[in-house]
Amino acid sequence: MGRFLVMLTAAAAVVACSVATVMVRRRIKRRRKWRKVVGILRDLEESCETPLGRLRQMVDAIAVEMQAGLVSEGGSKLKMLLTFVDDLPNGSERGTYYALHLGGSYFRMIRVYLTGQRSSLEVQDVERHSIPTSLLNSTSEVLFDFLASSLQGFIEKEGDTSNLSQFVKRELAFTFSFPVKQTSISSGVLIKWTKGFAISEMAGEDIAECLQGALNRRGLDIHVAALVNDTVGALSFGHYHDPDTIAAVVFGTGSNACYLERTDAIIKCQNPRTTSGSMVVNMEWGNFWSSRLPRTRYDVELDAESLNSNDMGFEKMIGGMYLGDIVRRVILRMSQESDVFGPISSILLTPFVLRTNSVSAMHEDDTPELQEVARILKDLGVSEVPMKVRKLVMKICDVVTRRAARLAAAGVAGILKKVGRDGSGGGRRRSDKQMMRRTVVAVEGGLYSNYKMFREYMDEALREILGEDVAQHVVIKAMEDGSSIGSALLLASSHSVRTIPPV
Ligand code: BGC
């Protein structure tokens with residue numbers, strides 16, 4: 001009996017030992033896998049680093065590229081497009097004007113009524129709709145017929161609220177958020193599509209004519225009288241309310257900036273035909289490129305798989321269309337190289353399934369259990385993740401968004417440098433900086449207005465780059481619908497002959 005007991009005890013000890021060994025092995029394996037994802041996170045952090053020195057290099061590179069793009073056509077990846085806008089609205093405009101805005105994800109229609117007094121600007125009607133995804137790779141005819149029919153619906157709804165007699169021709173500004181080589185304020189040809197649009201036969205087509213044709217086919221008595229990039233609309237709106245506004249930036253699905261330039265600095269344009277001595281230049285900064293940009297393997301993959309690879313490299317790092325997909329790619333890699341996210345979700349394999357608004361919701365999740373992170377991961381087919389994995393996802397969102405915001409700030413500082421408003425031109429003495437002129441940069445777009453962390457990181461980086469002495473003279477003004485309203489204002493101001501003050 002005693003012997004039997006000894007054998008039983010020994011057997012139990014052996015079993016306990018092997019269970020313990022299995023558990024220890026499992027724990028070691030789990031730790032190794034966790035270390036693996038932590039390693040992936042560290043790599044991401046390192047390759048996204050944007051210390052002040054690097055940001056300053058970006059600022060210099062942007063200012064240099066701006067200059068090169070102004071000297072000759074094709075002289076830089078920054079296209080520095082002429083807009084033929086030398087007359088920004090100032091509040092004295094009158095009349096009823098319309099704007100139709102084709103953006104990256106939405107289109108908007110608005111009607112404004114102007115009485116000649118800035119304070120009484122009346123946005124009488126505004127309608128926003130998502131762009132049906134089927135339009136993105138449809139045909140020119142389908143796209144413009146869709147826009148014309150939406151506008152027809154908008155006008156039919158207004159009844160007699162528009163202050164316009166039914167016999168008056170309506171004047172429309174077309175805010176078109178894609179790169180256009182303008183030939184006048186009301187005409188221009190599409191250079192290329194961005195932000196996932198891919199209607200092939202349209203490059204080289206006159207955009208205003210395409211819309212006018214579609215409106216005519218429907219018998220609508222509307223005149224497409226201005227063709228305006230969204231950044232230029234935003235600048236007009238900003239300038240209407242605050243004449244110190246000299247630049248505008250859009251942080252939305254895509255990203256871009258425009259600013260007021262002296263015509264004598266636009267060397268590539270022999271005869272700019274402006275009376276004010278200034279012209280708004282559409283930078284198309286989404287295409288900015290420098291080998292010093294902090295690029296990761298995820299950016300490289302995203303670019304290679306995109307419809308416009310080797311193009312719009314800066315936009316792909318800072319645009320709202322792309323941030324979600326960078327985060328998705330990091331999570332996917334982690335889930336492929338370890339099992340911390342459970343079995344690989346097929347949803348996660350789908351490009352652009354994770355939108356930037358979900359990234360901001362996860363990043364800004366302040367619930368104690370990070371329920372928002374858990375909910376969004378569940379939508380991506382990843383359920384039941386422990387707290388430390390939720391925190392990991394939050395950190396990925398932070399790294400990707402912080403890099404975007406800091407690069408965006410370098411872009412803004414680059415413009416300020418180019419126009420001599422960054423405090424570096426006049427002199428380094430404190431008194432020079434105190435003499436600086438107030439400078440306003442209008443900012444529009446959901447990424448800036450809806451994503452608090454992006455906004456905070458960007459504002460912080462701009463202060464870091466400029467230093468407090470200079471930063472106190474620079475005002476970043478967020479606007480909503482500014483680019484659509486501003487285009488209508490621009491159209492109104494092009495009907496009265498005035499000039500903008502010299503920059
Ligand atoms: C376009 C720009 C536009 C920006 C913001 C970019 O993809 O190329 O023209 O201003 O998006 O909408």
Side-chain angles (χ1 to χ4, degrees), residues 69 76-85 99-108 128 130-131 136 173-182 188-199 202-203 205 207-208 226-238 247-259 280-289 302-303 306-323 325 352 356 404 407-408 411-412 415 441-451 454 478-487 490:
S76 161
K77 286 207 121 194
L78 289 182
K79 292 206 161 44
M80 306 300 282
L81 299 169
L82 305 184
T83 61
F84 298 91
V85 173
L100 169 68
H101 180 176
L102 182 68
S105 329
Y106 296 95
F107 73 97
R108 304 177 184 80
R128 287 186 205 90
S130 307
I131 299 171
L136 304 194
F174 187 18
T175 318
F176 187 70
S177 305
F178 300 91
V180 164
K181 187 168 169 50
Q182 304 251 174
V189 297
L190 174 68
I191 299 174
K192 60 185 177 183
W193 287 111
T194 57
K195 298 178 283 201
F197 273 74
I199 305 175
M202 273 199 64
E205 293 285 311
I207 296 304
L227 178 63
V228 185
N229 185 262
D230 51 350
T231 55
V232 182
L235 177 57
S236 302
F237 187 68
V249 188
V250 170
F251 296 116
T253 308
S255 186
N256 187 16
C258 74
Y259 73 109
V280 177
V281 173
N282 168 12
M283 291 172 61
E284 285 298 330
W285 86 3
N287 207 32
F288 168 70
W289 187 250
L302 185 152
D303 180 55
S306 69
L307 291 171
N308 54 348
S309 62
N310 289 321
D311 234 352
M312 306 300 277
F314 194 49
E315 174 163 282
K316 286 172 184 161
M317 288 182 171
I318 67 171
M321 172 165 174
Y322 302 101
L323 300 189
D325 207 51
F352 297 105
T356 298
L407 292 178
V412 174
I415 301 176
V441 178
V443 173
E444 166 121 6
L447 186 60
Y448 189 84
S449 50
N450 303 332
Y451 195 162
F454 177 89
M479 303 173 316
E480 204 181 321
D481 284 336
S483 38
S484 320
I485 304 169
S487 302
L490 192 60

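One-based numbering, in listed order, for ligands and for the atoms of each.
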A.B. asks: Salt bridge (charged side-chain N to carboxylate O under 4.0 Å, His left out) with Lys195: which residues, sequence neighbours excluded?
C.D. replies: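 For Lys195 there are no salt bridge (charged side-chain N to carboxylate O under 4.0 Å, His left out) partners, ignoring immediate neighbours.
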A.B. asks: Once rounded to the nearest 0.5 Å, what's the spacing between atom OG of Ser76 and atom CD of Glu284?
C.D. replies: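 Ser76 OG to Glu284 CD: 12.0 Å, rounded to 0.5 Å.
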A.B. asks: Could you list the atoms of ligand 1 found under 4.0 angstrom from a heavy atom of Met312?
C.D. replies: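 Once the distances to Met312 are compared, the set is 7 (O), 8 (O).
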A.B. asks: Give me the residue, atom name and distance of the protein heavy atom closest to atom 4 (C) of ligand 1.
C.D. replies: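 Looking at atom 4 (C) of ligand 1, the protein heavy atom closest to it is Asn256 CB, 3.6 Å.
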A.B. asks: Taking the six-membered ring for Trp and the single ring otherwise, decide whether the centroids of Phe314 and Trp289 are under 6.0 Å apart.
C.D. replies: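 No: the rings miss the under 6.0 Å criterion.
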A.B. asks: Give me the residue, atom name and distance of the protein heavy atom closest to atom 9 (O) of ligand 1.
C.D. replies: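 In this structure, atom 9 (O) of ligand 1 has Glu284 OE2, 2.6 Å as its nearest protein heavy atom.
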A.B. asks: Out of all atoms in ligand 1, which are within 4.0 Å of some heavy atom of Ser255? Include the element for each.
C.D. replies: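 In order of number, 4 (C), 5 (C), 11 (O).
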A.B. asks: Give a yes or no answer on whether the side chain of Ser177 reaches the backbone of Leu102 with a donor-acceptor pair at less than 3.5 Å.
C.D. replies: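 Side chain of Ser177 to backbone of Leu102, a donor-acceptor pair under 3.5 Å: yes, one is there.
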A.B. asks: I need the atoms of ligand 1 closer than 4.0 Å to a non-hydrogen atom of Pro179, numbered in the order shown.
C.D. replies: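 Those qualifying, in numeric order: 8 (O), 9 (O).
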A.B. asks: Between Asn282 and ligand 1, find which residue part has any heavy-atom pair under 4.0 Å and reply side chain, backbone, both or neither.
C.D. replies: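 Answer for Asn282: neither.
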A.B. asks: Please compare Asp230, Thr194, Val250, Leu102 and report which has the shortest non-hydrogen distance to atom 12 (O) of ligand 1.
C.D. replies: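 Comparing heavy atoms across Asp230, Thr194, Val250, Leu102, the nearest one to atom 12 (O) of ligand 1 lies in Asp230.
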A.B. asks: Does even one non-hydrogen atom of Gly252 get within less than 4.0 Å of ligand 1?
C.D. replies: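 No, Gly252 has no heavy atoms under 4.0 Å from ligand 1.
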A.B. asks: List the closest protein heavy-atom neighbour of atom 6 (C) of ligand 1: residue, atom name, distance to the nearest 0.1 Å.
C.D. replies: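 Checked against all protein heavy atoms, atom 6 (C) of ligand 1 sits closest to Glu315 OE1, 3.0 Å.
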A.B. asks: Taking salt bridge (charged side-chain N to carboxylate O under 4.0 Å, His left out) as the test, write out the residues that go with Lys192, two or more places apart.
C.D. replies: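 Expected list: Asp311.
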A.B. asks: To the nearest 0.1 Å, how far is atom 11 (O) of ligand 1 from its closest protein heavy atom, and which atom is that?
C.D. replies: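 Ranking protein heavy atoms by distance from atom 11 (O) of ligand 1, first comes Lys195 NZ, 3.0 Å.
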A.B. asks: Nearest 0.5 Å, what's the CZ-CD distance between Phe176 and Gln182?
C.D. replies: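 Reported to 0.5 Å precision, the distance equals 10.5 Å.
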A.B. asks: For a side chain to side chain donor-acceptor pair (under 3.5 Å) with Lys316, tell me which candidate from Thr194, Asn308, Asp325 qualifies.
C.D. replies: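 Result: among Thr194, Asn308, Asp325, Asn308 is the only option passing the side chain to side chain donor-acceptor pair (under 3.5 Å) with Lys316.
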